[in-house]
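In what follows, chains are A, B, ... by sequence order, proteins preceding strands, each numbered from 1. This is a predicted model, so every value here is computed, not measured.
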Amino acid sequence: MVSPQDAVVVGSGFAGSLSSYLVVSGGLFLLGVTCVLVRRNALYVLMGVELILNSANLNFVAFARFGGYGMDGQMVALFVVILAAAEAAVALAIIMRVFNEFGSVDVTRTDSLRD
Amino acid sequence: MYDFMFVIFATFALVGGLLMVFHPSIVHSAFALVASLFGVAGLYWTLGADFLGVTQVVLYVSGVTVLLLFAVMLSDKTLGAVSILRCAAMGLVIGPLAMALMVTYRAIDGMVGTEGAALPDPAPTTPAIGDLLLQPEGYLVPFEVASVLLLIVLVGAVTLARPMADRQVSRKTIADRADAEARGDEGASAPQGEGA
């Protein structure tokens with residue numbers, strides 16, 4: 001491991017500090033939630049979910065670095081990336097089937113179960 | 001140096017996200033998502049997570065986005081613009097959420113409080129990640145479970161994305177055959193159109 005003697009100061013100001021990473025992550029999260037809620041196209045919803053997952057990942061990595069938790073935060077983020085890729089594949093397959101069945105990817109029109 | 005890189009990558013991430021949410025064309029939105037995800041990968045690099053950043057580029061910026069663009073090409077592009085009314089309504093949801101996030105971040109920042117603290121210079125993380133992935137006391141079990149999950153997803157996605165026409169045709173022929181058998185032997189081998 002790296003000894004404290006050759007430590008460097010990261011982030012003397014706001015940029016590069018823990019709270020700056022949290023602000024970026026919060027912004028990404030809000031953009032993702034906006035995308036999921038406002039857009040009607042299922043592909044946009046999927047993109048919004050990807051943005052939300054990325055913001056959570058950024059939090060994991062930032063806390064692991066600034067809080068001194070070692071590699072665990074990065075490992076969790078790695079598994080989240082793997083799961084997000086799997087989720088995107090299945091979700092896109094479902095979206096293509098929805099397009100075949102309903103002729104549209106509008107999430108407000110897939111209401112066959114409503115009756 | 002880190003500050004400078006942080007500003008650049010954070011701008012990429014946030015401006016890309018903004019463009020993605022509010023651009024009317026979905027193809028432009030997908031490319032804005034590429035920029036945003038690349039910005040996040042850069043933020044990983046500034047945090048010393050080099051392997052994670054490269055994984056992000058390989059998996060997200062190339063893989064997931066190419067998949068997304070394929071889906072965009074195969075579906076319709078008519079559901080373009082965001083309606084102002086929905087935006088205004090969702091502001092009621094987003095606003096309190098943003099407030100709650102800020103309050104939480106202030107509290108957490110007070111708890112951790114490492115702003116400007118001396119941190120060790122980031123070292124290459126790939127050997128450590130490899131060790132952790134293959135140690136039973138590390139992440140060996142989640143690693144194996146993830147590989148099984150990826151296999152399941154591979155098969156499931158192919159099954160789901162297969163055109164419905166195939167299955168309907170096979171189901172119809174099965175039903176026809178059952179009908180023919182119920183009616184008797186005379187039309188069993190003949191096609192349905194000639195029998196009627």
Spacing of CG belonging to B:L47 relative to CZ belonging to A:F63, to within rounding of 0.5 Å: 11.5 Å

I need the A:E50 CD to B:Y60 OH distance, nearest 0.5 Å. 4.5 Å

Check this for me: B:F9, atom CZ, are more than 12 non-hydrogen atoms of other residues, nucleotides or ligands nearer than 6.0 Å? yes

Tell me, with the steps shown, if A:F29 and B:L97 meet side-chain contact (heavy atoms from CB on, under 4.5 Å). CA-CA 10 Å; A:F29 177 74; B:L97 204 56; 4.0 Å; yes

Looking at side-chain heavy atoms only, is the closest gap between A:Y44 and B:L33 below 4.5 Å? no

For B:L37, which atoms come within 4.5 Å of any heavy atom of chain A: side chain, backbone, both, or neither? side chain

Around atom CZ of A:F79, are there more than 12 heavy atoms of other residues, nucleotides or ligands at under 6.0 Å? yes

A:L51, part contacting chain B, at a heavy-atom distance under 4.5 Å: side chain

B:L43 versus chain A, heavy atoms under 4.5 Å apart: side chain, backbone, both or neither? both

Distance alone, cut at 3.5 Å: any donor-acceptor contact between the side chains of A:N57 and B:Q56? no

Among residues at least two apart in sequence or on other chains, which ones pass side chain to side chain donor-acceptor pair (under 3.5 Å) with B:T125? B:D50

side-chain contact (heavy atoms from CB on, under 4.5 Å) between B:F143 and A:I82, worked out: CA-CA 10 Å; B:F143 180 62; A:I82 294 170; 5.9 Å; no

Heavy-atom cut-off 4.5 Å, strictly under: side chain, backbone, both or neither for B:L14 against chain A? both

Output for pair (B:S36 OG, A:L28 CG), nearest 0.5 Å, gives 5.0 Å

Do A:Y21 and B:F6 have ring centres separated by under 6.0 Å? yes

Could you check whether atom CZ of B:F38 has more than 12 heavy atoms from other residues, nucleotides or ligands sitting under 6.0 Å from it? no

Qualifying residues under side-chain contact (heavy atoms from CB on, under 4.5 Å), relative to B:V153, sequence neighbours excluded: A:A86, A:A89, A:V90, B:L149

With chain A as the partner, which of B:G138, B:S29, B:A10 has the greatest number of non-hydrogen pairs under 4.5 Å? B:S29

Rounded to the nearest 0.5 Å, what separation is found between the CZ atom of A:R39 and the CE atom of B:M20? 8.0 Å

Checking B:L68 against chain A: side chain, backbone, both or neither under 4.5 Å from a heavy atom? both

For residues A:M96 and B:L160, determine if any side-chain heavy atom of one lies less than 4.5 Å from a side-chain heavy atom of the other. no

Straight-line distance of A:Q74 CD to B:I129 CD1, nearest 0.5 Å: 5.0 Å

Does the side chain of B:Y44 reach to within under 4.5 Å of the side chain of A:L58, using non-hydrogen atoms? yes

Calculate, to the nearest 0.5 Å, the distance between atoms CD1 and CG belonging to B:I26 and A:N41 respectively. 4.0 Å

Within the distance-only criterion (no hydrogens, no angle test), does the side chain of A:R97 pair as donor or acceptor with the backbone N or O of B:A161 below 3.5 angstrom? no

